[in-house]
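We name chains A, B, ... by the order of the sequence lines, and we start the count at 1 in each one.
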Amino acid sequence: MVFDTTAIIKKALTECTGTADIQLTDGGEHADLASTVAFGLAKQRKQAPVKIAQDIVATLKNNKDLADQGIAVEAKGPYINFVFGSAYVSAAVKAATQPGYGSFPKKDTRITLEHTSANPNGPLHVGHIRNSIIGDTLARAFRKAGYRLEVQYYVNDMGRQIAIVVWGFDHLEHTRHEGEKEDAYIARVYIEANREIENDPGITQQVDKLMQLVESGDPGTVKKFRTVVSRCLDGFAVTMKNLNVKHDRFVWESDFVRNGDTKRIIGKIEKLPQARHEENLLALDLAEFGFANKYVIRRSDGTSVYAARDLAFHTWKSVNFDRAIDVLGADHKLIGAQLQCTLKLLGEKAPEIVNFEFVSLPEGSMSTRAGKFVSADDLIAEVTKQAFEEVTTRRPELDEDTRRSIAESVALAGIRYDIVKISPEKSTVFDWKEALDFERQSGPYIQYAHARACSILEKAGTFAECYDLETGQEITLAKEIAKFPGVIEKVVAELRPHLLATYAHELADTFNSFYHYEPVLKSEGKVRDRRLTLVLAVQNTLKESLETLGIDAIRTM
RNA sequence: GGGCGAGUGGCUUAGUCCGGAUAGAGCGUUAGCCUCCUAAGCUAAUGGUCGGGGGUUCAAAUCCCCCCUCGCCCGCCA
């Protein structure tokens, strides 16, 4: 592992200024790291910042730690700039050529990460897969950071939506179209059933009855719910596989009713001072924590609501894991906060929640019920078709199977990258033009840089690894490579996977520049060796980055 | 009405938590680069009152206050 330059510099600055809290900023083109302590000390020392910076630099020039690591110090006006030397660069490149670069030692912390958890009443659409891709990328980053992780899908198998689907199967004419996916078929029944309910509100009572039956464990009704949900999940599995998204466990909501956990948690909640009863109705008054509305736990007909089952689920997580992380859409912010608050009142660990904002269509919000959505399957199919055309244009000499395979990887890269590169707190409007664009700020662009590196290495044959870099382009690239482990750490610490997307793009960019300026295969001797070593380091770092993003690091395209 | 999130060139966006050097990118437009390692590429040019107004600070896209616009939420739905 590369030594921690930040810590060394902070320590040196603390020693010579007496200031404990040292902030380092990115030096941009001036330096690798920079300090602005001189500004803050100006008033205190009654001296000009420029003078202070000069004095500090004079002291730091004699610092042994900095000298040992080859970190150069220089004052530029009031700024104190640090430039990493060849020892740092060599060590970074050497580390980056190793398999698994950027991985951290195994940790004992057991984490559960829940993502997607869409209601099984229709196919996953482009909004749901934002959840899947953020979640899956985070999961990959956590594993790379050494954590023991279990990824879960919480199956909402007893909600009103499912009851409506079950009602539809019982009362409506329906046949599955030839070759139709199960989840798409379920959506048709769901949409049709909702239309019927609009025309005849009396149906609502029949749906309520179904919900009571399933809660009480009526075998026939339970079986119907299970069947419908399972069929829909079979459809989801295909979509998830195509998106390279993996879940380790599917947790069924109804299990928490059947095993008695929900009843037990309701019993505990009843004893909380915030509990409010009105006959059978049980709700929590969380006004003291800033929640204006009452948090209903049990209906007046005695059945539990989603919140109660969710509390039981999260209590189970609290018992079995050290940390729980939930990836939830913006519409779940309030109930997520209420859940956290209630779990704390119960003395359980509250989950950490990663929120993301909505994806809408140009014509407005998506709605499964109204049939207004772009399904993930359609997106994958369209993008793959486009990718196949691109591959065929660029590489007509390849056989069809190879082109097909490359197209699938490119499509996956396009979709996953497009979604993960955007900060989760930004709401977006789905745009076909952007989804089908494979240029520059895209997943395929990064794959291309990787394939290019692979191609060079393949043509090079064997070479002696050499870590003594010289030119500015070489050193810039090496320093970019060196950032990778830090990026993984930051993604995990801040739960922000888009940082990795940004990094991978910057690395690909830096490599492309290098590629056009510094000939590798045509250089000779030591120069050729060190550039090939650098290409190997880039290739490996890009590969690790892509795989952590859930994108295939294909060797040719 | 209340709560949360967002507002950065024509379009999409990074940076905002933790204030510092000329606000980074991509698309678009314009002009170059394949007898040379994959042109899904590279080099330039173009384009920015960082929603608006106050304030704090040596220094504000970033912190504080007010306002505007958009999205989401505020159910005995999930």
Side-chain angles (χ1 to χ4, degrees), chain A residues 21 23 25-31 34-36 39-40 42-43 48-49 76-79 81 117-119 121 156 158-162 211 253 278 280-283 290-294 296-301 303 305-307 309-310 329-335 337 355-358 360 365 387 390-391 393-395 410 414 418 421-429 431 433-434 437-449 451-460 494 498-499 501-502 505-506 508-509 512-513 515-523 531-532 535 556-557:
Chain A
D21 183 34
Q23 293 295 331
T25 59
D26 181 49
E29 64 194 82
H30 305 280
S35 169
T36 57
F39 288 109
K43 196 169 278 180
K76 175 106 181 196
Y79 297 91
N81 291 333
S117 300
N119 283 326
N121 59 348
N156 306 135
M158 52 188 306
R160 177 167 294 273
Q161 284 92 330
I162 308 308
M211 290 176 72
E253 183 182 3
E278 288 170 38
N280 258 329
L281 176 72
L282 173 63
F291 298 101
N293 59 329
K294 60 179 179 179
V296 175
I297 304 295
R298 185 180 57 209
R299 298 188 187 92
S300 50
D301 68 0
T303 58
V305 294
Y306 172 83
R309 278 107 63 179
D310 208 18
D331 53 339
H332 285 68
K333 274 187 198 172
L334 177 60
I335 56 159
N355 281 296
F356 66 94
E357 293 289 325
F358 264 46
S360 57
S365 321
E390 291 279 340
V391 179
T393 308
R394 292 163 203 277
R395 306 291 302 276
V410 166
D418 261 350
K421 76 178 178 188
I422 305 291
S423 312
E425 64 270 18
K426 218 120 185 169
S427 45
T428 62
V429 177
D431 181 348
K433 188 173 161 288
E434 261 168 58
D437 176 23
F438 304 136
E439 281 180 339
R440 209 100 197 258
Q441 229 161 48
S442 74
Y445 171 83
I446 301 163
Q447 284 180 309
Y448 190 74
R452 184 179 252 175
C454 287
S455 168
I456 293 172
L457 291 169
E458 202 161 297
K459 291 194 171 123
E494 301 182 6
H498 83 281
L499 297 174
T502 306
H505 173 257
E506 275 167 13
D509 236 8
N512 278 331
S513 268
Y515 171 89
H516 284 275
Y517 279 111
E518 310 273 33
V520 177
L521 293 177
K522 264 175 292 182
S523 52
R531 287 187 183 164
L532 279 168
V535 172
T556 183
M557 63 189 280

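Checking the phosphate oxygens (OP1, OP2) of B:G41, no side-chain nitrogen or oxygen of A:Y517 falls inside 4.0 Å. Taking 4.0 angstrom as the limit, A:S455 places a side-chain polar atom (N or O) nearer than this to OP1 or OP2 of B:U38. Side-chain nitrogen and oxygen atoms of A:R452 include at least one within less than 4.0 Å of the OP1 or OP2 phosphate oxygen of B:A39. Under 4.0 angstrom from either OP1 or OP2 of B:A39 there lies at least one side-chain N or O belonging to A:Y515. Under 4.0 angstrom from either OP1 or OP2 of B:G15 there lies at least one side-chain N or O belonging to A:H498. Side-chain nitrogen and oxygen atoms of A:T428 include none within less than 4.0 Å of the OP1 or OP2 phosphate oxygen of B:U12. Dashed line: the shortest gap from a side-chain N or O of A:S442 to OP1 or OP2 of B:C27 is not under 4.0 Å. Distances shorter than 4.0 Å separate some side-chain N or O of A:S365 from OP1 or OP2 on B:C72. One finds no side-chain N or O of A:R395 lying less than 4.0 angstrom from the OP1 or OP2 phosphate oxygen of B:A39. For B:C77, the OP1/OP2 oxygens have a side-chain nitrogen or oxygen of A:R299 closer than 4.0 Å.
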Query - Watson-Crick and G-U pairing of RNA chain B written in dot-bracket, each distance under 3.5 angstrom, with | for inter-strand partners - result: (((((((..((((......[...))))((((((.......))))))....(((((..]....))))))))))))....
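Closest to the side chain of A:L499, from the set B:C37, B:G15, B:A78, is B:G15. Comparing B:C58, B:A78, B:A39 against the side chain of A:F39 picks out B:C58 as the nearest.
Between the side chain of A:S300 and the base of B:C76 there is at least one donor-acceptor pair of N/O atoms closer than 3.5 Å. In the interface, the side chain of A:N512 is not paired with the base of B:A39 through any donor and acceptor atom under 3.5 Å apart.
In this structure, a donor-acceptor pair under 3.5 Å is present between the side chains of A:Y445 and A:D509. A donor-acceptor pair shorter than 3.5 Å cannot be found between the side chains of A:R309 and A:N156.
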Nucleotide N/O of nucleotides 4-6 of chain B paired with protein N/O under 3.5 Å:
from: B:C4; atom 1: O2'; to: A:K333; atom 2: NZ; distance (Å): 3.1
from: B:G5; atom 1: O4'; to: A:K333; atom 2: NZ; distance (Å): 3.1
from: B:G5; atom 1: O2'; to: A:E425; atom 2: O; distance (Å): 2.9

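Residue ring and nucleobase are not stacked for A:Y79 and B:G20 under a centre distance beneath 5.5 angstrom and an angle between planes beneath 30°. In this pair, A:H516 does not lay its aromatic ring on the base of B:G41; centres under 5.5 Å and planes under 30 degrees do not both hold.
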